Amino acid sequence: MTFSEKLIRLRKREGLSQEALAEILGVSRQAVSRWEQGTALPDGGKLLPCARHFGVSVDWLLDEKQGWEDLAGTGSAPVEGESLVICKNWHWYLSGGIVTGVGVLGMVVMGILSSLFPVVLTEAPAGVEWTRVYTGLMAFLKGNDVEWLFALWAAVALVGFWLLAQPSLRQRQERPGCLGSPRYAAGIAAAAYGCGQTAWWVQQGKNGDIALLALFLAAAIFCVVRLLLKLGQEPTGHRRQERLIALLYTAAQGVILLLTAEAGIGLVGLVLHVGVCLFYVQWEDPQCMNHRFSGR
């Protein structure tokens, strides 16, 4: 087992990102990346602090004949490592669980209220020949003008899911994503929301918005094509996985687009578009938001 393999496993065991480990050892993230790629080894001044931090010996780190089983002994080390990760990340799980629970509870309460106080809403816009009848939750939200409140609870739930996902997201190795920049993901989200919302307006008889719908549709197609071209430039080893993730992201935005166009879930649709976009951006570039929030 090589030094790079041991370092990756030890770092992930403690739930550390490359940047976090670099700060602990007083080196750059690029140096940690080179160690894990096997293209360089830490000097003596960093090797000992690294071994001490992970609670292992320098000999074990450098001896390729010794593997994980030699460190584990009785095989309990991985279990202890998992417990250690949970202990280190308890604040993420606790805050994420509380925030998610509050958001989900708010949406459930509004769903219950829509059943206890049913509303039937009929919509017949001027200039069109159709009539739309809303029932259930959507009628309750539109009839009582509380769609904004449901969107708020959905946003709270998404923030909670994001907090719960932080330990896993922070364990991903830092690497440039297939997007190269969050601009592409944001472009797809904005164009999809624009398409859905303007399509809804057109259905309401606002035919003057057809040109705007065409503009948003063209922007969405441009973003998708640009994304696929970026994927074609990815190394072969990552291409299949990146294509799958990008297609799933695009499909998710498309589903939200259809919901917005069909049901007119303006604010809720916006929250979902933004939430899915942020998840995707951080998955592609785990340190993107950290740099944005920390100002570095």
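Just so you know, these numbers use all the heavy atoms, side chains as well, and skip hydrogens, waters and symmetry mates. What you see is a predicted model, and the numbers here were worked out from it, not measured in a lab.
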Could you give the distance from CZ (Phe3) to CH2 (Trp60), rounded to the nearest 0.5 Å?
10.0 Å
Working to the nearest 0.5 angstrom, can you tell me the gap between Tyr93 OH and Ile98 CD1?
15.0 Å
Do Met107 and Phe150 have side-chain heavy atoms sitting under 4.5 Å apart?
yes
Pair listing, ring-ring contact (aromatic ring centres under 6.0 Å, His included) test, anchored in residues 257-276, at least two apart
Tyr193-His273
Check whether any side-chain heavy atom of Ile188 lies under 4.5 Å from a side-chain heavy atom of Tyr249, and answer yes or no.
yes
Less than 4.5 Å apart, any side-chain heavy atom of Leu47 and any of Leu62?
yes
Between atom OG of Ser115 and atom CG of Leu137, what is the distance when rounded to the nearest 0.5 Å?
8.5 Å
Under 3.5 Å donor-acceptor pairs involving side-chain atoms of residues 37-45, not counting sequence neighbours:
from, atom 1, to, atom 2, distance (Å)
Gln37, NE2, Ser33, OG, 3.2
Thr39, OG1, Arg34, O, 3.3
Asp43, OD1, Gly45, N, 3.1
Asp43, OD1, Lys46, N, 3.1

Contacts of Phe216 that satisfy side chain to side chain contact (heavy atoms under 4.5 Å, CB included) - sequence neighbours left out:
Cys195, Thr198, Leu212
Okay, side chain of Thr100, backbone of Phe161: is any donor-acceptor separation there less than 3.5 Å?
yes
Main-chain N/O of Lys65 paired to Asp63 side chain as donor or acceptor, under 3.5 Å:
yes
What pairs with Phe140 under ring pair (Phe, Tyr, Trp, His ring centres under 6.0 Å), at least two apart in sequence or on another chain?
none
Between atom CD1 of Ile24 and atom NE2 of His53, what is the distance when rounded to the nearest 0.5 Å?
4.0 Å
Taking Glu5 for the side chain and Thr2 for the main chain, is one N or O donor matched with an acceptor at less than 3.5 Å?
yes
Side-chain heavy atoms of Leu16 within contact of Leu10, under 4.5 Å
no
I need the Glu19 CD to Ser28 OG distance, nearest 0.5 Å.
10.5 Å
Can you check whether Trp153 reaches Val109 side chain to side chain, under 4.5 Å on heavy atoms?
no
With side chains defined as the heavy atoms from C-beta onward, is the minimum distance between Val156 and Val104 less than 4.5 Å?
no
Any chance you could measure Thr260, atom OG1, to Leu272, atom CG, to the nearest 0.5 Å?
7.5 Å
Under the side chain to side chain contact (heavy atoms under 4.5 Å, CB included) criterion, do Phe54 and Leu21 qualify, and how do the steps go?
CA-CA 11 Å; Phe54 292 117; Leu21 180 58; 3.8 Å; yes
If you compare all heavy atoms of Gln253 against all heavy atoms of Ala192, which two are closest, and at what distance to 0.1 Å?
O-CB, 4.1 Å
Side chains of Leu141 and Met110: closer than 4.5 Å at any heavy-atom pair?
yes
For the hydrophobic clusters of this structure (ILVMFWY residues joined by side-chain heavy atoms under 4.5 Å, transitively), does one cluster hold both Ile256 and Leu258?
no
Do Leu257 and Phe222 sit in the same hydrophobic cluster, where Ile, Leu, Val, Met, Phe, Trp and Tyr count as joined when their side-chain heavy atoms come under 4.5 Å apart?
no
By side chain to side chain contact (heavy atoms under 4.5 Å, CB included), which residues pair with Val255, not counting sequence neighbours?
Leu259
So, does Lys6 use its side chain to make a donor-acceptor pair with the main chain of Gln66 at under 3.5 Å?
yes
Quick one: list whatever passes side chain to side chain contact (heavy atoms under 4.5 Å, CB included) with Ala151, sequence neighbours left out.
Leu267, Val268, Val271
So do the side chains of Trp35 and Val27 get within less than 4.5 Å of each other, counting heavy atoms only?
yes
